[in-house]
Amino acid sequence: MDLSLKYQDVLSDNKKIKTGGRLNRKTDLGNFEKTYKSEITGIIELTPLEKLFQIQIIDQDERERFSFKPGQFLMLEVPGFGEIPLSISSSPSRRGVVELCIRKQGRVTKFLHKMQRGASVGIKGPFGTHFPMEKFANANVLLIAGGLGLAALRSAIYYVEENRNMFKDIFIMYGTNDPNQMLFTYQYETWKKTDGIKLFTIVQNPDKKWSGRVGLITDLFNEIVIDTSNTHAIVCGPPVMFKFVCNKLNDLGIPMENMFVSLERRMHCGMGKCCRCNVGSTYTCLSGPVFDYWTVMNLKEAI
Amino acid sequence: MEKIVNLSRLIEELVKEYDVFAPVGDDNFSQFSPIKNLGEANLDLINTTKPLKNLFLPQSEKLFSVDGAKENITLEPKKNINNKRIILGAKACEVKGIELLTKVYTGGTLPDELFEERRKNTIIIGLSCLEPRDTCFCAALGVNPFEEKGMDLVLTKINGKFVMKSLNQKGEEFFKKYPDVFSEINKEDLEKRDKLKESVLKKQNLSLDLKEIKEKLDKEVDNPLWEEISQRCINCGICTYLCPTCQCFDIHDEAGKGQALCRFRTWDSCMFPDFTLMAGGHNPRGKKKARIRQRFMHKFSYFIDNFYEPGCTGCGRCIKFCPVNVDILEILKKVKD
């Protein structure tokens with residue numbers, strides 16, 4: 001495959017092309033319709049299936065203007081292959097560089113995994129609702145992720161790490177099927193070193209090298225002692241996990257409106273028209289992906 | 001204003017200025033196609049096979065293409081949609097379908113440009129439906145065969161003559177613009193039309209009452225009925241492709257070697273198993289039961305949530321063309337009881 005494929009200003013009129021590469025369509029809706037020309041500045045192999053892509057917006061002005069909140073997603077465009085929605089995994093305070101944790105799975109991501117540093121891509125966004133981190137001030141925070149869910153949770157982890165004084169106790173819980181699937185292992189030590197952050201990891205099927213905990217993510221709740229009346233939780237992971245984890249949290253006494261989940265759905269148009277991502281009469285592309293658990297319980301077929 | 005119209009002459013005049021679309025084809029297959037004269041059109045068809053939505057949301061359309069070598073950018077559809085169009089011979093249920101799609105595609109904060117442009121550039125000349133099919137149930141959805149909502153002009157066939165009635169300013173202008181093709185209407189014809197209307201209304205299928213269908217459906221999410229229906233369904237997707245209100249689409253990028261890069265939009269169907277399949281392997285509607293339920297819930301519950309009316313026009317296409325006889329009427333009646 002030709003890796004030198006130049007990113008084109010595919011959405012703009014001939015006349016409208018500006019030197020800055022910023023694109024406006026007829027409906028100018030804030031950041032909604034703009035495609036930022038970007039390039040891949042770094043690729044880190046996390047597991048055999050997942051890679052972390054560091055992507056930088058080429059234009060300096062745009063780089064400084066681009067900001068997002070933990071939990072939001074963006075559209076990554078690979079010309080000729082398509083657009084895919086991806087959770088942002090990097091720190092919201094780091095301007096202009098976004099990190100995306102991508103699993104080799106579909107048509108676009110398979111091609112992405114063949115790409116090298118310096119390849120051109122386009123990003124649009126950020127879109128969607130975010131984790132309301134400001135609401136968590138002066139409270140305990142539970143950050144719970146399963147499998148690839150850590151990709152979406154990582155920017156929230158960065159946030160609590162950088163604003164450590166805002167929160168009381170912070171617990172990060174992370175579970176995977178087997179130790180090889182663990183993401184961002186190189187960062188665990190840094191997280192642990194930050195004052196008062198407690199990290200728990202657990203795997204279901206250990207291999208010979210694994211010396212940590214074995215079991216399901218819900219087993220981790222036996223190890224922690226928290227004041228549940230003043231605790232917020234964020235849960236990211238495969239949909240099967242939501243039910244078990246949120247029920248457990250509920251049993252512990254955390255109110256449903258203090259639990260936040262990131263609902264995963266397939267998105268194509270991002271305008272609430274193509275009907276792929278609907279959960280009941282709600283479209284995750286317009287009203288999501290972050291919902292509080294109370295809302296989720298009231299949606300049909302959500303989990 | 002109401003007058004008798006010489007339709008073949010009117011079309012001759014119209015094609016000079018507009019792209020005129022009318023039902024073309026026979027009982028086996030028909031759709032709205034461009035016509036040059038009245039002879040090409042078949043106005044006696046009860047309903048075309050392909051719904052009118054094809055003209056507003058084409059089965060497959062190029063959104064844009066980029067020539068990689070020359071770095072030339074062309075926005076393909078811009079050229080086509082600026083043409084002024086006339087749709088002739090659309091039945092009430094078809095127009096209702098377009099009305100519902102307009103709510104979806106132009107409502108809210110994020111309107112769809114292509115759809116909006118097409119709707120703006122289109123004049124609809126309706127045609128009163130004189131013969132509801134046995135699969136039609138438009139009465140349940142508040143549509144009657146003589147419904148005029150959403151049309152600019154409406155035609156009624158009486159004794160081989162066509163009576164044309166204008167319904168708004170746009171339609172009014174037709175009478176001024178082409179005075180030669182119209183002749184005065186007499187009282188007898190008007191009386192005949194009223195009688196015709198009465199007899200057609202009597203033929204309507206009134207067996208279904210959709211009152212409180214949403215509340216009923218919301219309660220029946222886990223009803224074994226869905227499992228029962230889904231065993232019959234073969235997921236061919238014809239009910240959604242031929243539905244005048246089904247809105248789902250898929251977006252695709254294609255780039256052949258040395259060829260221009262294109263982005264397409266094509267119809268898609270929520271009946272297909274991979275419609276909601278995600279990269280991680282999770283599929284929220286992986287079971288046939290869930291997909292069938294989604295189709296009904298979307299039309300008769302979610303659509304009411306979002307747009308305050310059901311997303312169905314009662315055209316009966318999904319009943320007529322379903323290869324395994326999944327009958328929307330029968331199912332709705334079952335849910336009601």
Side-chain angles (χ1 to χ4, degrees), chain A residues 2 5-6 8-14 16-17 25-27 29 32-33 77-86 102-109 147-149 237-240 263-283 285-286 300-303, chain B residues 57 63-68 71-75 78 101 104-105 107-113 115-117 218 221 246-257 261-263 265 268 270 274-285 290 293-294 297-298 301-307:
Chain A
D2 180 20
L5 190 66
K6 285 276 176 294
Q8 311 283 356
D9 298 1
V10 281
L11 279 180
S12 74
D13 267 352
N14 257 337
K16 278 189 198 160
I17 297 179
R25 278 173 76 186
K26 197 174 82 188
T27 38
L29 295 149
F32 200 87
E33 298 279 342
E77 177 155 345
V78 183
F81 286 84
E83 263 183 1
I84 48 168
L86 293 162
I102 301 170
R103 180 182 279 179
K104 193 161 131 188
Q105 193 78 38
R107 188 165 172 250
V108 179
T109 49
L148 201 50
V240 269
L263 282 189
E264 208 188 311
R265 286 289 182 271
R266 189 169 180 176
M267 296 176 197
H268 267 190
C269 72
M271 296 162 75
K273 314 235 184 282
C274 79
C275 273
R276 248 176 204 75
C277 65
N278 76 312
V279 180
S281 52
T282 312
Y283 292 97
C285 66
L286 293 180
K300 278 171 218 93
E301 305 178 311
I303 43 178
Chain B
L57 186 70
L63 293 175
F64 56 77
S65 63
V66 178
D67 196 332
E71 306 211 353
N72 273 342
I73 295 148
T74 40
L75 282 171
K78 285 274 180 211
L101 281 180
V104 175
Y105 276 92
T109 45
L110 300 169
D112 183 80
E113 271 176 51
F115 191 97
E116 222 175 17
E117 205 91 335
D218 287 351
V221 174
C246 267
Q247 67 193 64
C248 309
F249 59 81
D250 191 7
I251 298 173
H252 257 289
D253 272 22
E254 297 284 343
K257 213 169 190 181
L261 184 164
C262 298
R263 180 164 295 174
R265 171 159 90 175
D268 205 346
C270 57
D274 59 357
F275 185 68
T276 48
L277 180 67
M278 283 178 291
H282 173 63
N283 194 345
R285 291 196 287 271
R293 186 174 59 200
Q294 158 70 14
M297 293 297 275
H298 185 226
S301 168
Y302 309 153
F303 213 93
I304 296 178
D305 276 342
N306 292 333
F307 303 107

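Given the structure is predicted, the values throughout are model-derived calculations rather than measurements. Letters A, B, ... mirror the listed sequences (proteins, then strands); counts begin at 1.
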Counting heavy-atom pairs closer than 4.5 Å to chain B, which one of A:G272, A:C274, A:C275 comes out on top?
A:C274
Closest-packed option against chain A by number of heavy-atom pairs under 4.5 Å, given B:A290, B:C248, B:S301, B:C270:
B:C248
Judged by atom type as modelled, is there a donor-acceptor pair below 3.5 Å linking the side chain of A:K273 to the main-chain atoms of B:V104?
yes
Between A:R276 and B:L277, is there a donor-acceptor pair closer than 3.5 Å when you use the side chain of the first and the backbone of the second?
no
If every non-hydrogen atom of B:D253 is compared with every non-hydrogen atom of A:V78, which pair is closest and at what distance?
OD2-O, 4.2 Å
Nearest heavy-atom contact between A:E77 and B:R263 is OE2-NH2, 3.1 Å
Name the option with the most non-hydrogen atom pairs under 4.5 Å to chain A; the candidates are B:H252, B:R293, B:M297, B:H298.
B:R293
If you count heavy-atom pairs within less than 4.5 Å of chain A, which of B:T276, B:N283, B:I304, B:V221 leads?
B:T276
So for B:R265, is it side chain, backbone, both, or neither that comes closer than 4.5 Å to the heavy atoms of chain A?
neither
What residues, two or more places apart in sequence or in another chain, satisfy side-chain contact (heavy atoms from CB on, under 4.5 Å) together with B:N306?
A:S281, A:Y283
Could I get the full list of side-chain contact (heavy atoms from CB on, under 4.5 Å) partners for A:P85, not counting sequence neighbours?
A:F73, A:M75, A:M267
Below 4.5 Å, heavy-atom pairs only: which of A:G106, A:G82, A:C277 has the largest tally toward chain B?
A:G82
Say whether, by atom type as modelled, one donor and one acceptor occur between the side chain of A:R266 and the main chain of B:D274 under 3.5 angstrom.
yes
Heavy-atom side-chain proximity of A:H268 to B:D268 below 4.5 angstrom
no
Return the NE2 to CG distance between B:H282 and A:L148, rounded to the nearest 0.5 Å.
13.5 Å
